[in-house]
Protein chains: 2
Amino acid sequence: MSTSTSAQAARPKHPMPFVRVEVCVLGLSESGLQVLLGQREAEPFAGQWALPGGALRIDLDEDLDAAARRVMHERLSLTLPFLRQMVAVGSKTRDLDRAPWALSVAYRALVWVDQVQPLAGKRMSGLAWRPVDEAQSDHSLAFDHRDLIALAVRQTRDEVEALTLPGGFVPPTFTLGELQALCEQILGRALDKSSFRRKLHDRELVRPIEGAMKGGANRPAQVFELCR
Amino acid sequence: MSTSTSAQAARPKHPMPFVRVEVCVLGLSESGLQVLLGQREAEPFAGQWALPGGALRIDLDEDLDAAARRVMHERLSLTLPFLRQMVAVGSKTRDLDRAPWALSVAYRALVWVDQVQPLAGKRMSGLAWRPVDEAQSDHSLAFDHRDLIALAVRQTRDEVEALTLPGGFVPPTFTLGELQALCEQILGRALDKSSFRRKLHDRELVRPIEGAMKGGANRPAQVFELCR
DNA sequence: TCAAAAGTGTTAGGCATACACCCATGT
DNA sequence: ACATGGGTGTATGCCTAACACTTTTGA
């Protein structure tokens, strides 16, 4: 649509803020939801725990989502399958040590804890999983990251409650028992089997795969896949 | 918390994107929801209709919300009472005429149409109210502003459905009839009087003001205020 | 035969819709 | 008297939680 003859940067009239992305990676395990945290090495908040993140690189990142993917790929050597933007926060005082004005775009993601081997990265002395309940009441986290964790947990749980199943996170095939266990781990509470299945059926969210059955130490279960 | 000895800006290692805020102002009127649009004078999208917005000014704006308030105050000479962030969008190609990488933080607001007198502003040849239904199907809007309008309408309506009443927008005192009419205008459909009132009562959302009654050409109505 | 998980049916209660109905006031 | 909007009660149906129950396998 643009009729400009040049796509090169006009130097902006005013200085722009320092822009970062932060990612709240939630991890599923038998012992409830976990969150991935790293210990900061540099100011501000040196030594304190924080969400992993990194600066936006306008030379490397096509768009904001790509920036979040790149930053997390550098940290985890893993392309996060389920990544959603939560909110943008920014102010003059956010990161005084590095810039007079800092803006962070916060994302959330969801993985299995055993898919990520906590490793040390740039500017972070290692990464560690922490239970979300613990993190949400930890007032020593850097920046406003405690709020961001609470927001990520709330949004993720709301999505599961509404059975807006995280496409890209749910495995391609599964039994209904596995799917229910997954939702229960995210919610942190038990669900009623009958109600859960009726909802899935009525809203046509899952489809049985003809002939595919999964057997264990008990009665074999029908294997399903997501609709669409 | 920071132990840095200096709060002055370190020059960032990498160039930063051009950051703007855009505001989707929804307007209430007897003829349904409206949205405030302006006609662009400069590239990109010169001549096309767009949401009002402006560049973030790190020298003027304390934080993102303040930036949105300032930008809209310049345009409307009005401090928007109800302002919420929706999403941040950004990419290399967003605004090629002005910058190689552009990021917009989108807000939504809600006002009475008669509180805003459409006037001409900087870089906009006037502002005009347009019905949201019309705007949502108008593919000639600049940038992705059609999507942003749809998002604003959906979020606003969801809030009213859930009776998360827009604090700061609902007048300080009102009758239940007025409140219901307000919600109906936002939703664009009629509500059942009895159900509406029962919900308000059960969730303790409103409180009658002792002795305060509002009379018209019919039976006087109890005046209420929001709880908390 | 038993434990364990799959899978189904049934019941009771909460909530929302729709609608009917009275009340109070100005014209 | 009557139109108008305020205000309240009630019946119906839907959705859900809760729980009981049967089925099928491996151990």
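Heavy atoms only: backbone and side chains are in, while hydrogens, waters and symmetry mates are out. The structure presented is a predicted model; accordingly, all values stated were derived computationally and were not measured. Just so we're on the same page: letters track the sequence lines, and every chain starts at 1.
A salt bridge links A:Arg70 with A:Glu74; the closest basic N to acidic carboxylate O contact falls under 4.0 Å. Ionic pairing of A:Asp138 and A:Arg130 is present here: one or more N-O contacts between side-chain nitrogen and carboxylate oxygen are shorter than 4.0 angstrom. Comment: A:Glu22 engages A:Arg20 in a salt bridge, judged by a side-chain N to carboxylate O separation of less than 4.0 angstrom.
An OP1 or OP2 oxygen of D:dA17 is reached within less than 4.0 angstrom by a side-chain nitrogen or oxygen of A:Ser195.
Here D:dA17 presents its P atom at 10 Å from CG of A:Leu163, a figure rounded to the nearest Å. Look at NE2 on B:His201: it is 14 Å from P on C:dA16, rounded to the nearest Å. The distance between atom CG of A:Leu191 and atom P of C:dG7, rounded to the nearest whole Å, is 17 Å. Atom pair A:Gln180:CD and C:dG7:C1' shows a separation of 12 Å (rounding to whole Å applied). As a whole-Å value, the separation of B:Arg197 CZ from C:dC19 C1' is 15 Å. As a whole-Å value, the separation of B:Glu161 CD from C:dT17 C1' is 13 Å. One can place CZ of B:Phe196 at 14 Å from C1' of D:dG6, the figure rounded to the nearest angstrom. Here C:dA6 presents its C1' atom at 9 Å from CE of A:Met213, a figure rounded to the nearest Å.
For B:Ser194, counting side-chain heavy atoms from C-beta on, the closest listed nucleotide (C:dA16, C:dC19, D:dC19) is C:dC19. Of the candidates D:dT16, C:dA16, D:dT10, the closest approach to any side-chain atom of B:Lys199 belongs to C:dA16. Looking at the side chain of B:Lys193, the nearest of the listed nucleotides C:dT10, D:dG7, C:dT17 is D:dG7.
A:Phe224 and A:Pro208 make their closest contact through CD2-N, 3.4 Å (heavy atoms, listed as atom of the first residue, atom of the second, distance).
Put simply, the side chain of B:Gln48 gets close to the backbone of B:Ser140: a donor and an acceptor are under 3.5 Å apart.
Considering B:Leu187, B:Leu191, B:Thr156 as possible partners of B:Glu161, the one that fulfils the side chain to side chain contact (heavy atoms under 4.5 Å, CB included) test is B:Leu187.
Within residues 218-225 of chain B, the residues approaching DNA chain D are B:Asn218, B:Arg219, B:Pro220, B:Ala221, B:Gln222, by heavy-atom distance under 4.0 Å.
Nucleic acid contact for B:Arg189: none, since no nucleic acid atom lies under 4.0 Å from a heavy atom of the residue.
Place A:Asp202 and B:Arg198 on DNA chain D by their nearest nucleotides, and B:Arg198 ends up nearer the 5' end. Comparing A:Asp192 and A:Ala217 by the nucleotide of DNA chain C that holds the closest heavy atom to each, the one mapping nearer the 5' end is A:Ala217.
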Exercise. What do the steps show when you test A:Gln155 against A:Glu159 for side-chain hydrogen bond (donor to acceptor under 3.5 Å, both in side chains), and what is the final call?
Worked result: CA-CA 6 Å; A:Gln155 287 189 3; A:Glu159 275 193 359; over 6 Å; no
